Novice: 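Below you'll find the structure I mean.
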Amino acid sequence: MENIKKLTSKRLFMPLFCLAVMLIAAVIASPDFFKIGIQNGVLYGRIIDVINRGSEVVILAVGMTLVVSASAGTDISVGAVMAVVAAVACAFTAGGQQSVNEYIRNPLLGALLAILVGILCGCFNGFLVAKLKIQPMVATLILFTAGRGIAQLLTNGQITYVRVDSYKMLGSSIPGVPVPTSIFVTVLMVVLTMLLLKKTAMGMYIEAVGINSKAARLVGLKSTMIIFLVYAFSGFCASIAGLINSSRIYSADANNIGLNLELDAILAVALGGNSLAGGKFSLLGSVIGAYTIQTLTTTLYAGSVSSDQIPVYKAIVVVIIVSLQSPELGKLMRRLKAKFSAGAGKGAVS
Amino acid sequence: MNKKMVSLLTVSAMAISMMPLSVFAEEDLITVGYAQVGAESDWRTANTESFKSTFTEENGYKLIFDDAQQKQENQIKAIRSFIQQEVDYIVVAPVVETGWETVLQEAADAGIPVILSDRMMDLADDSLYTCWVGGNFTLEGETCGDWLAAYLEEQGRGEEEINIVTIQGTIGASAQIGRTEGFAKKLAEHENWKMLDMQSGEFTQAKGQEVMESFLKSYDDIDVVICENDNEAFGAIDAIKAAGKTCGPDGDIIVVSFDAVKAAFDSMIAGDLNATFECNPLHGPRVAEIIQKLEAGEEVEKIQYVDEAFFDTTMDLEAIQAERAY
């Protein structure tokens with residue numbers, strides 16, 4: 001009993017519990033959910049789809065978690081930044097043409113340039129939020145609106161295709177490697193970020209700034225710098241996610257790449273048990289939250305739910321998960337339990 | 001950025017750019033104002049081009065073109081400025097369906113006929129516009145069904161049990177509704193056709209791929225995939241290949257899609273896509289025809305569909321692609 005209590009009081013218990021429930025629901029919807037096979041030399045199965053397709057949201061959620069923690073705000077520009085990054089990568093490698101079958105310019109240089117542009121977008125957000133003290137939602141709204149326009153300009157308003165096999169590798173797989181590339185990238189991003197936060201005191205700094213930026217400044221932390229950095233980092237995450245997404249469709253579709261993914265990333269942070277008011281955070285929680293969302297999506301496909309009803313199911317699940325994690329609901333439950341056991345005790349006496 | 005400032009600048013830029021037109025407009029030219037949605041896709045660009053190449057001075061027209069950048073308020077402003085400039089006809093491709101009564105009433109009061117292009121308006125009083133010109137999505141769906149029946153017959157599979165899945169467009173979009181309905185009509189005519197599943201791919205390649213991945217795991221023997229736009233088909237084809245199956249005329253799975261964009265021709269030439277059903281953007285000539293009829297004092301039909309074709313791998317696709325403007 002004591003052990004169970006210890007377990008349930010763990011920070012990650014609730015997010016993990018929700019993911020587990022989702023996975024059980026997934027197995028009920030499609031019994032072969034966990035079946036993994038090999039197809040064309042690559043792992044193949046629904047669970048692989050979840051991990052593979054979830055990559056973008058996981059990576060975005062990593063950046064978003066830090067943004068939320070340090071600035072008590074959200075970066076709603078990440079989806080549009082993904083589109084910008086994809087546009088830079090494709091427009092550069094395709095040399096401005098609409099569709100190419102071989103690289104016109106060096107793809108690695110294109111990827112680097114794209115990542116750089118993504119980071120610059122993040123820096124722009126960071127400058128507005130940290131330096132000019134504009135509310136995060138408003139500051140990032142600028143790129144949210146303008147980003148897709150910039151991407152359209154870069155690609156001349158057309159979908160730019162780079163039909164080269166090596167361009168597709170990031171979003172699919174490298175020949176001879178059975179694991180989809182995006183899974184590697186995601187693991188790398190998560191592990192590196194965690195190391196960065198744990199090995200340097202960065203994680204603690206971010207939390208400190210998020211809890212009270214004034215106090216953090218008074219004890220000698222450069223709050224402004226830290227907030228600026230988390231936005232730049234979020235831009236970096238968005239650029240990696242954008243490259244993966246662009247590689248999946250070997251093109252830059254300015255209107256659709258990363259569309260609404262900022263909302264999924266924010267949701268992932270919330271489902272991970274993190275408070276959107278900033279402060280203490282759990283990166284793993286957000287990662288679990290992101291996979292929970294993807295499991296839900298894949299399960300709904302597998303369960304043949306008709307497409308116009310999918311949003312309803314998603315909403316119901318999100319409401320349930322979020323309220324399960326609400327401390328107020330927990331208090332209410334405890335109060336009810338206390339009342340009940342008090343009542344039962346009285347009954348036994350008389 | 002200051003929105004008011006931007007719109008002010010746009011309006012004044014518009015006013016300046018239009019001034020010479022109204023000053024020097026020749027008497028015998030028919031002035032047509034076109035309020036276009038924007039330039040968000042190849043289709044839209046081709047649509048604009050079709051108007052610009054039809055309504056030329058050589059043909060006896062003066063075209064005043066306005067790009068609304070996807071905003072209704074810009075379109076309303078454009079229509080008002082058309083009225084002020086006393087154009088002869090107004091053509092609108094409405095961004096949204098509702099909220100047009102006031103401005104259309106103003107046009108009606110000024111005695112200017114309004115022709116709708118591509119999208120419909122939701123009006124209490126249909127007499128506010130003269131007619132509507134656009135594609136018939138339901139017919140596209142039916143054509144797809146007919147094509148499939150003929151194709152299967154040709155393959156000697158006319159009586160076989162055929163398993164079909166559909167990757168739908170964004171739910172609620174008129175293209176999605178029409179294409180789904182049109183194909184459903186034909187589906188009902190064939191007892192051996194079985195619709196296994198329908199999911200939305202939101203008109204994008206990435207979602208099309210994701211949905212197809214799931215379909216392939218749920219059903220072992222899919223014979224036909226219907227994608228409600230070309231981009232979804234590109235994603236579906238990638239998913240089919242990743243699952244170790246083949247598609248196209250020589251493959252296990254028949255893939256068909258709608259729109260007939262340029263890349264769809266590439267895909268058919270590569271032998272991945274079986275057929276695509278056109279959504280014709282070239283509305284200009286049909287609108288010109290209507291205007292000529294109105295000029296002659298004739299009645300015109302309220303709903304007018306543009307002609308739409310389909311393309312499959314039996315055709316000389318390279319030649320067709322070279323000729324097409326989009």
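These figures come from a predicted structure and were not determined experimentally. Here is how names work: the chains are called A, B, and so on, in the same order as the sequence lines, proteins then strands, and each is numbered from 1.
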Novice: Taking A:Ile310, A:Val305, A:Asn52 one by one, which has the highest count of heavy-atom pairs under 4.5 Å against chain B?
Specialist: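 So the answer, after comparing A:Ile310, A:Val305, A:Asn52, is A:Val305.
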Novice: Is chain B contacted by the side chain of A:Thr297, its backbone, both, or neither, given a heavy-atom distance below 4.5 Å?
Specialist: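 Only the side chain of A:Thr297 comes within 4.5 Å of chain B.
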Novice: Pick whichever of A:Arg163, A:Lys168, A:Arg248, A:Gln158 has the most heavy-atom pairs under 4.5 Å with chain B.
Specialist: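 The residue among A:Arg163, A:Lys168, A:Arg248, A:Gln158 with the greatest pair count is A:Gln158.
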Novice: Name the region of A:Arg46, side chain, backbone, both or neither, that has any atom closer than 4.5 Å to a heavy atom of chain B.
Specialist: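 Backbone plus side chain of A:Arg46, per the 4.5 Å heavy-atom cut-off to chain B.
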Novice: Testing the basics here: between B:Gln72 and B:Thr98, what is the closest heavy-atom pair and its distance to 0.1 Å?
Specialist: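 Minimum heavy-atom contact is NE2-O, 2.8 Å.
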Novice: Determine, stepwise, if the pair B:Gln176 / B:Thr180 fulfils side-chain hydrogen bond (donor to acceptor under 3.5 Å, both in side chains).
Specialist: CA-CA 6 Å; B:Gln176 178 271 318; B:Thr180 306; 3.2 Å; yes
Novice: Among B:Asp266, B:Leu196, B:Val261, B:Asp197, which residue has the highest count of heavy-atom pairs closer than 4.5 Å to chain A?
Specialist: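 Looking at each of B:Asp266, B:Leu196, B:Val261, B:Asp197 in turn, B:Asp197 comes out on top.
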Novice: Can you say whether A:Ser304 sits under 4.5 Å from chain B via the side chain, the backbone, both, or neither, judging by heavy atoms?
Specialist: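 It is both, since atoms from each part get that close.
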Novice: Determine whether A:Ser306 and A:Asp308 satisfy the following criterion, side-chain hydrogen bond (donor to acceptor under 3.5 Å, both in side chains), listing intermediate values before the conclusion.
Specialist: CA-CA 6 Å; A:Ser306 91; A:Asp308 43 352; 2.5 Å; yes
Novice: Anything in residues 242-260 of chain B with a heavy-atom distance to chain A below 4.5 Å? Please list those residues in order.
Specialist: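 Within residues 242-260 of chain B, the residues that come under 4.5 Å of chain A (heavy atoms only) are B:Ala242, B:Ala243, B:Gly244.
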Novice: Heavy-atom cut-off 4.5 Å, strictly under: side chain, backbone, both or neither for B:Phe234 against chain A?
Specialist: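 Contact with chain A involves both backbone and side-chain atoms of B:Phe234.
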Novice: Is there a side-chain hydrogen bond (donor to acceptor under 3.5 Å, both in side chains) between A:Ser77 and A:Asn125? Walk through the geometry before answering.
Specialist: CA-CA 9 Å; A:Ser77 74; A:Asn125 288 333; 2.9 Å; yes
Novice: If I measure from the heavy atoms of chain B, does A:Ser172 come under 4.5 Å with its side chain, its backbone, both, or neither?
Specialist: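 When you check distances to chain B, no heavy atom of A:Ser172 falls under 4.5 Å.
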Novice: So which part of B:Glu210 gets closer than 4.5 Å to some heavy atom of chain A, the side chain, the backbone, both or neither?
Specialist: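 Both the backbone and the side chain of B:Glu210 come within 4.5 Å of chain A.
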Novice: Between B:Arg44 and B:Asp118, does at least one N-O distance fall below 4.0 Å, as a salt bridge requires?
Specialist: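 Salt bridge flag = yes for B:Asp118 with B:Arg44.
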Novice: Tell me, with the steps shown, if A:Asp49 and A:Gln294 meet side-chain hydrogen bond (donor to acceptor under 3.5 Å, both in side chains).
Specialist: CA-CA 9 Å; A:Asp49 285 353; A:Gln294 193 57 43; over 6 Å; no
Novice: Step by step, work out the side-chain contact (heavy atoms from CB on, under 4.5 Å) result for B:Lys207 and B:Glu232.
Specialist: CA-CA 7 Å; B:Lys207 277 278 165 193; B:Glu232 289 175 345; over 6 Å; no
Novice: Does the structure place the NZ or CZ of B:Lys217 under 6.0 Å from the centre of the six-membered ring of A:Tyr44, at an angle of no more than 45° from the ring's axis?
Specialist: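 Yes, a cation-pi geometry.
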Novice: Identify the heavy atoms of B:Ala236 and B:Cys227 that sit nearest to each other, and give their distance.
Specialist: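 Distance-wise, the nearest heavy atoms are CB-SG, 4.1 Å.
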Novice: State, yes or no, whether a side-chain contact exists between A:Tyr301 and B:Val211 at a heavy-atom distance under 4.5 Å.
Specialist: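 Result yes, sub-4.5 Å side-chain heavy-atom pair found.
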